[in-house]
Trainee: 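Let me begin by handing over the structure; questions about it come next.
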Amino acid sequence: MVRVRFAPSPTGYVHVGSLRTALYCYLFARHHGGVNILRIEDTDRTRYVEGAVENLLRTMEWAGITFDEGPITGGPCGPYVQSERTELYREHADILIASGHAYPCFCTAERLDSVRKAQQAAGIPPMYDRLCRNLTKEESDRRIASGEPHVVRLRVPIGELVRFNDIIRGDIEFDSKTIDDQVLLKSDGFPTYHLANIVDDHFMQITHVLRAEEWLSSTPKHVLLYAAFGWEPPKFAHLPLILNPDRSKLSKRQGDVAVEDFRDKGYLPDALINFVALLGWNPSATEEIFTIDELIRDFDLARVNKAGAIFGREKLDWMNAEYIRKKSPKELLPLVRPLAEDRKYVASDEYLLTVIRAMQERVRTLPDFVDFASYFFVPPTEYEEKYKSKHWNPEAKERLTEILPRFEAAEKWDHDSLEAIVRTYAEEKGISAGKMIHPIRLAVTGRGMGPGLFELLAVIGKAESIRRMKVALESLV
RNA sequence: GGCCCCUUCGACUAAUGGUUAGGUCACCACCCUUUCACGGUGGCUGAACGGGUUCGAAUCCCGUAGGGGUCACCA
C-alpha cells in the first residue's frame, strides 16, 4: 500500500513549488490507490506564523488537493502536527544516545559561530568540529543534570560510503566525511526537521518520500538515521526545482511565488494545477490540457524530469485563458461578480452574464472581464490614442452626426437592427461599413478592443449609447 | 570553496541506438474579420563542447565547460 505525505511547515503563504510537491503526492497516491497524508512540520517556533495552517488548508482546498489523513481528517497515525509529538522525538533522541548513534553537545551558539568563521577563513568546509563527540558519559550526564543547555547531535560514522537510490536520479553516494554531525534535538527540546521527519515517516508508515531536490544533500543524514534506528527507509524521489527565469530557485524577489497570489490575480485552480503538473513531468502526449482525472491516470514518477523547470508565465496565461473559455458563463459568474463589486460596478446577474459571454474569448485572467470591459459598466473616461488618431477625424464626426438621428429614431435596439442602420447608411454614402463602425466604437467604448460593435451597443442600450456618442462629438477633437 | 545534482528550440517538453529531432507557449506571416480575441494555415529557432563505443549516438561511456542545490539549534 502506497503511503505518501505532504509535509509543509506553516511559515505563511504556500509556494508554487510546494503546490507542485503536494500535487505530485496527491497524483501518486491516487494513481496507486494509496493514502495521501498531510503533516504539519511546525518544529521551528521562531518561524511560526499565525493563521498559516488555516491558509494552507484553504489553499489546498482551492487547488482541489485532498488528504486521507491529516490534522483535520485525523487518522490512525496521529497527531499529524509535529508540535504535538515532541515527546516521541525526545524518546527517540534518547534511544540514539543510548545506542551510541547520537551524543549531547554543549557548545554555545557563539562558539559554533566562531568555529565556522575560522573554517571559512581557512577555506575549509564549515562543519561542527565535534568537540563534544567524545565526552564521557559521566561528564555529559553531570552537565545535563546541572541544567546546562545542550543539543543532541547525530554521531556520523567515519570512513563510510552512504548510498541510497532515488527513483528519479538513480544511485547516489556520499562520503561520510562530508556529512556534518547534524543537530537532531535543539536546546529548546524541539526536534530539527531531520529527526522529526524520520521518526514521523517511520511511524506513519510512509512508503515514498516525494520532496524537492533541495533535500537531496541532506538525504544521507536521513539514511544514516534510518540505519541507526534499524528501520527500513522509504523510497525517495527528489523532484526537480521550479526556477526563476534566471534559473535560480523560484523566489519571491523575482515575482509571484505564492499560490494565493495567483488565485488573487484571477487564475483558475484547474489551470494552475494543469500548468504546474507539467513543470517537470509530462505524460508524453501531444496535448497540453489535462483534467485532474487524466493526470491521476497517467502520473508516473519514472517520467519525472531531472532538470529544473522555469516557471513561464506566458504559457500559464494561455492555459488560464483556455480554462476560462471552457467554463460556462454561469460558472464564471460567481467568480466575476466580486471583481465587479470591487470596482463599484452595479449590474444584475443577467447583465453580468451577458458581459461574460461577450468577453469570454478575449480574457486571460478573471479581472480582465471587468477591466477590459469597463465600458459595459461606466462611460469611457479616456480614448485610446492610437485608435483615435486612426479613426477619428472631421469626416468621421460629420458622418456620426448625420447617422445619430437614425439611431434616435430606431424602434428596436438589437444587433440586427443596429447593423441594418449602419450598413444601410454606409451603402448610401458609398463607403465601407468600417468607416462608421470604428468611430462609433471609439465614441462608445474609448477602445479599439472588444466584442462586435452591434452586440456591444445592444448590451449598453439605446439611451446610454446615444448619450456617449453625443459626448464624444462635443468633447473629442 | 567542499559535496551533490543537472544540461534537446527563447520557455515547457517528446523520443528509451536507426525520425527530414516531434508537440505546446511565445514570436512572425497569411486566412477569417468592423477592432481585439477565437479559429485555421504556414514559418522561425534547438542536441553546451571534446573525445570515445557502435555499421549507426540526442540517446551508452569518459573528460571539459556551464548552470543549480546544499553546507543553521530553518524547513
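Just so you know, these numbers use all the heavy atoms, side chains as well, and skip hydrogens, waters and symmetry mates. The sequence lines fix the lettering, A, B, ..., with proteins before strands; numbering per chain opens at 1. Because the structure is a prediction, the values reported are computed rather than measured.
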Trainee: Base, sugar-phosphate, or nothing for Pro191(A), non-hydrogen atoms under 4.0 angstrom?
Mentor: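 Contact class for Pro191(A): sugar-phosphate only.
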
Trainee: Answer with base, sugar-phosphate or nothing: what part of the nucleic acid does Phe174(A) contact at a heavy-atom distance below 4.0 Å?
Mentor: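 Sugar-phosphate contact only.
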
Trainee: Please pick, from C12(B), C3(B), U34(B), the nucleotide with the shortest atom-to-atom distance to any side-chain atom of Thr178(A).
Mentor: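 Nearest to the side-chain atoms of Thr178(A), counting from C-beta on, is C3(B).
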
Trainee: Report yes or no: is there a donor-acceptor pair, N or O only, under 3.5 Å between the side chain of Arg362(A) and the base of C36(B)?
Mentor: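 Yes, a donor-acceptor pair under 3.5 Å.
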
Trainee: Expressed in whole Å, how much space separates the P atoms belonging to C38(B) and G46(B)?
Mentor: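 My reading of the P atoms in C38(B) and G46(B) gives 27 Å.
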
Trainee: Reckon Glu288(A) touches a base, only the sugar-phosphate, or nothing at all at heavy-atom distances under 4.0 Å?
Mentor: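 Base contact.
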
Trainee: Nearest-Å distance, CE (Met449(A)) to C1' (U34(B))?
Mentor: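 Answer to the nearest Å: 15 Å.
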
Trainee: Could you state the atom-to-atom distance from CG of Asn282(A) to P of C25(B) in whole Å?
Mentor: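 Rounding to the nearest Å, CG of Asn282(A) and P of C25(B) are 15 Å apart.
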
Trainee: Tell me what Val151(A) touches on the nucleic acid: a base, only sugar-phosphate, or nothing, going by heavy atoms under 4.0 Å.
Mentor: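 Since a base atom lies under 4.0 Å of Val151(A), the category is base.
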
Trainee: Determine the Euclidean distance between corresponding P atoms of G52(B) and A57(B); express it in Å to zero decimal places.
Mentor: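 Result for the P pair: 12 Å, nearest Å.
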
Trainee: Can you say whether a donor on the side chain of Thr192(A) sits under 3.5 Å from an acceptor on the base of C73(B), or the other way round?
Mentor: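 Check fails, no donor-acceptor contact within cut-off.
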
Trainee: When rounded to the nearest Å, what value does the distance between C1' atoms of U19(B) and U53(B) take?
Mentor: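 Those two atoms are separated by 22 Å.
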
Trainee: NA contact type, Leu185(A), heavy-atom cut-off 4.0 Å: base, sugar-phosphate, or nothing?
Mentor: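 Counting heavy atoms under 4.0 Å across all strands, no contact is made by Leu185(A).
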
Trainee: For a quick check, tell me whether the side chain of Lys306(A) and the base of C5(B) share a donor-acceptor pair closer than 3.5 Å.
Mentor: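 Counting by modelled atom types and ignoring angles, no donor-acceptor contact under 3.5 Å is found here.
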
Trainee: When Arg303(A) is tested against each of Asn305(A), Leu301(A), Asp300(A) for side chain to side chain contact (heavy atoms under 4.5 Å, CB included), which residue passes?
Mentor: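 Only one option passes, and that is Asp300(A).
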
Trainee: Give a yes/no on whether any side-chain N or O of Lys386(A) is located under 4.0 angstrom from OP1 or OP2 of U35(B).
Mentor: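 For U35(B), neither OP1 nor OP2 has a side-chain N or O of Lys386(A) closer than 4.0 Å.
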
Trainee: Kindly indicate whether a cation-pi arrangement holds for Lys265(A) with Phe262(A), taking the cut-offs as under 6.0 Å to the six-membered ring centre and within 45° of the axis.
Mentor: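 That pair does not qualify as a cation-pi contact.
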
Trainee: Measure the shortest side-chain to side-chain distance between Trp215(A) and Leu239(A) over non-hydrogen atoms and say whether it is less than 4.5 angstrom.
Mentor: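 Answer no - side chains too far apart.
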
Trainee: How close do Pro380(A) and Arg468(A) get, heavy atom to heavy atom, and via which atoms?
Mentor: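 Nearest heavy atoms, Pro380(A) then Arg468(A): CD-CD, 3.7 Å.
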
Trainee: Relative to the 5' end of RNA chain B, which residue comes earlier, Ser187(A) or Asn305(A), by the nucleotide with the nearest heavy atom?
Mentor: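 Residue closer to the 5' terminus by nearest nucleotide: Asn305(A).
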
Trainee: Pick base, sugar-phosphate or nothing for Arg313(A), based on heavy-atom distances below 4.0 Å to the nucleic acid.
Mentor: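 It contacts nothing in the nucleic acid.
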
Trainee: Say we look at G1(B) and A58(B): how far apart would their C1' atoms be, to the nearest angstrom?
Mentor: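 Here G1(B) and A58(B) have their C1' atoms 34 Å from each other.
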
Trainee: Assign Arg364(A) to base, sugar-phosphate, or nothing according to its heavy-atom contacts below 4.0 angstrom with the strands shown.
Mentor: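 It contacts sugar-phosphate atoms only.
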
Trainee: For a quick check of understanding: with a heavy-atom distance under 4.0 Å over all strands, which category does Ala433(A) fall into, base, sugar-phosphate or nothing?
Mentor: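 Contact class for Ala433(A): none.
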
Trainee: Would you kindly give the CG-to-C1' distance between Asp371(A) and C36(B), to the nearest whole Å?
Mentor: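 Asp371(A) atom CG is separated from C36(B) atom C1' by 16 Å.
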
